[in-house]
Amino acid sequence: MSVEVAQFRQAYEKSLASDNPLLQQVAEHLLVRRGKQLRPMLVLLSAKMCRGVNEKTIDAAVAFELLHTASLVHDDVVDDSPLRRGVATVQKRWTNKVAVLTGDYLLAKVIELTAGLRNLKLFNIVAEIGQTLAKGEVLQLHANGSMWISESDYFKIIEQKTAALFAACTQAGAVSTGASMRAETALRTYGLELGLMFQMKDDLLDYSDSEDTGKPTMSDIRDGKATLPLLISLQRAPQAEADEIRRLAEDLSAGTLALEGRTPEEAATRAEQTILSFVLRYDGIRYVQQQMEAHKRRAIEALSVFHDSSLKAALIQLLEYTVTRVY
């Protein structure tokens with residue numbers, strides 16, 4: 001698929017180009033920090049599973065990557081994040097105003113691209129996912145006022161913030177080729193299950209060695225974000241112990257830990273060790289691993305409508321990679 005990937009990357013870089021000097025500087029900065037570009041790859045793979053990549057597929061892949069990039073730029077403003085993938089965020093390098101307007105510019109490019117496809121179904125998929133991403137961010141923002149949410153609310157948030165975009169990418173890949181409704185539905189289901197797994201794995205990585213993951217251990221908890229291993233462990237523990245861990249996690253997030261003769265770093269490390277021991281004791285990590293395996297089985301079952309092929313094997317391998325990835 002190297003030819004199609006090259007076509008996508010060329011089209012994506014072209015879509016970011018601007019005759020505005022500041023926007024061009026920001027675009028070059030965004031290209032430096034681009035990640036694995038998994039979402040557009042899902043568009044391309046899904047199209048190849050059907051009738052093959054065409055010009056509409058490439059444009060759809062670019063639109064989804066622009067949409068994802070815009071959401072990250074806006075999220076960094078909401079979260080006041082100084083870094084993403086080890087590189088300064090747009091709002092940190094420039095200003096919040098520049099970041100917000102850059103995100104708006106990228107969203108306008110998405111509208112232009114999808115309108116040019118002259119395919120109402122693809123346009124509706126993109127429009128719907130734009131709304132869903134925004135709703136997910138607002139839902140998480142509201143939930144973080146407490147830090148503690150129910151398991152059902154957790155899954156609602158990760159479906160809207162992560163899994164729905166994966167599902168839209170795989171569905172759009174199929175639609176861009178004029179595939180059957182059966183193939184379209186199967187690939188959308190696959191994308192949704194993959195997205196849920198992807199976010200749950202992110203939660204597990206929060207409890208991993210930072211040398212492997214590239215991010216500080218328990219950075220999500222430090223940021224006041226709910227993670228499924230801890231939420232499940234709190235449900236299983238006796239009330240008194242659960243309340244104690246909640247207070248400890250909140251103090252870690254707020255930076256108000258009791259020092260008791262320790263440095264702030266030592267106090268934070270001790271708190272993290274206590275939380276990790278708690279999660280291990282109540283099998284929070286194992287529970288999430290079991291959930292991921294269940295979603296993997298559903299994703300593989302969705303692909304059963306397709307004949308065995310190297311492409312189908314690649315999609316299944318992507319599920320395995322999601323389970324085993326270390327960053």
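The structure displayed is predicted, hence computed values, not measured ones.
Q289 and E293 are not linked by any side-chain donor-acceptor pair at a separation below 3.5 angstrom, with hydrogens and angles left out of the test. Side-chain contact annotation: E151 with Y287, donor-acceptor N/O pair under 3.5 Å present.
With salt bridges taken as basic N to acidic carboxylate O contacts below 4.0 Å, none links R247 and E250. A salt bridge does not link D59 to K56: none of the charged side-chain nitrogens sits closer than 4.0 Å to a carboxylate oxygen.
Contact annotation: the side chain of I157 never approaches that of T162 to less than 4.5 Å [non-hydrogen atoms, C-beta and beyond]. The closest side-chain heavy-atom distance from L252 to I275 is below 4.5 Å. The shortest distance between side-chain heavy atoms of T177 and V53 does not fall below 4.5 Å. By the 4.5 Å heavy-atom criterion applied to side chains, F64 and L165 are counted as neighbours. Contact check for D203 versus D206: no side-chain heavy atoms found under the 4.5 Å cut-off. The side-chain heavy atoms of K109 and L113, taken from C-beta on, include no pair separated by under 4.5 Å.
For S253 (side chain) and R222 (main-chain N/O), a donor-acceptor pair under 3.5 Å exists by modelled atom type. In terms of modelled atom types and a separation under 3.5 Å, the side chain of S46 and the main chain of V43 share no donor-acceptor contact.
Minimum interatomic distance between M200 and L228 (heavy atoms only, all atoms of both residues): SD-CD2, 4.0 Å.
Here the CG-OG1 distance, from L139 to T132, works out to 12.0 Å after rounding to the nearest 0.5 Å. Between the OH atom of Y12 and the CD1 atom of I58 there is a distance of 14.5 Å, given to the nearest 0.5 Å.
Residues satisfying the side chain to side chain contact (heavy atoms under 4.5 Å, CB included) criterion with V77, sequence neighbours excluded, are Q91, N96, A99, V100.
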Check residues 186-198 and write down every donor-acceptor pair under 3.5 Å in which the side-chain atom is one partner and the other belongs to a residue at least two apart or another chain.
| residue | atom | partner | partner atom | Å |
| --- | --- | --- | --- | --- |
| R188 | NH1 | Q171 | OE1 | 2.6 |
| T189 | OG1 | T185 | O | 3.0 |
| Y190 | OH | L315 | O | 2.6 |
| E193 | OE1 | H295 | ND1 | 2.5 |

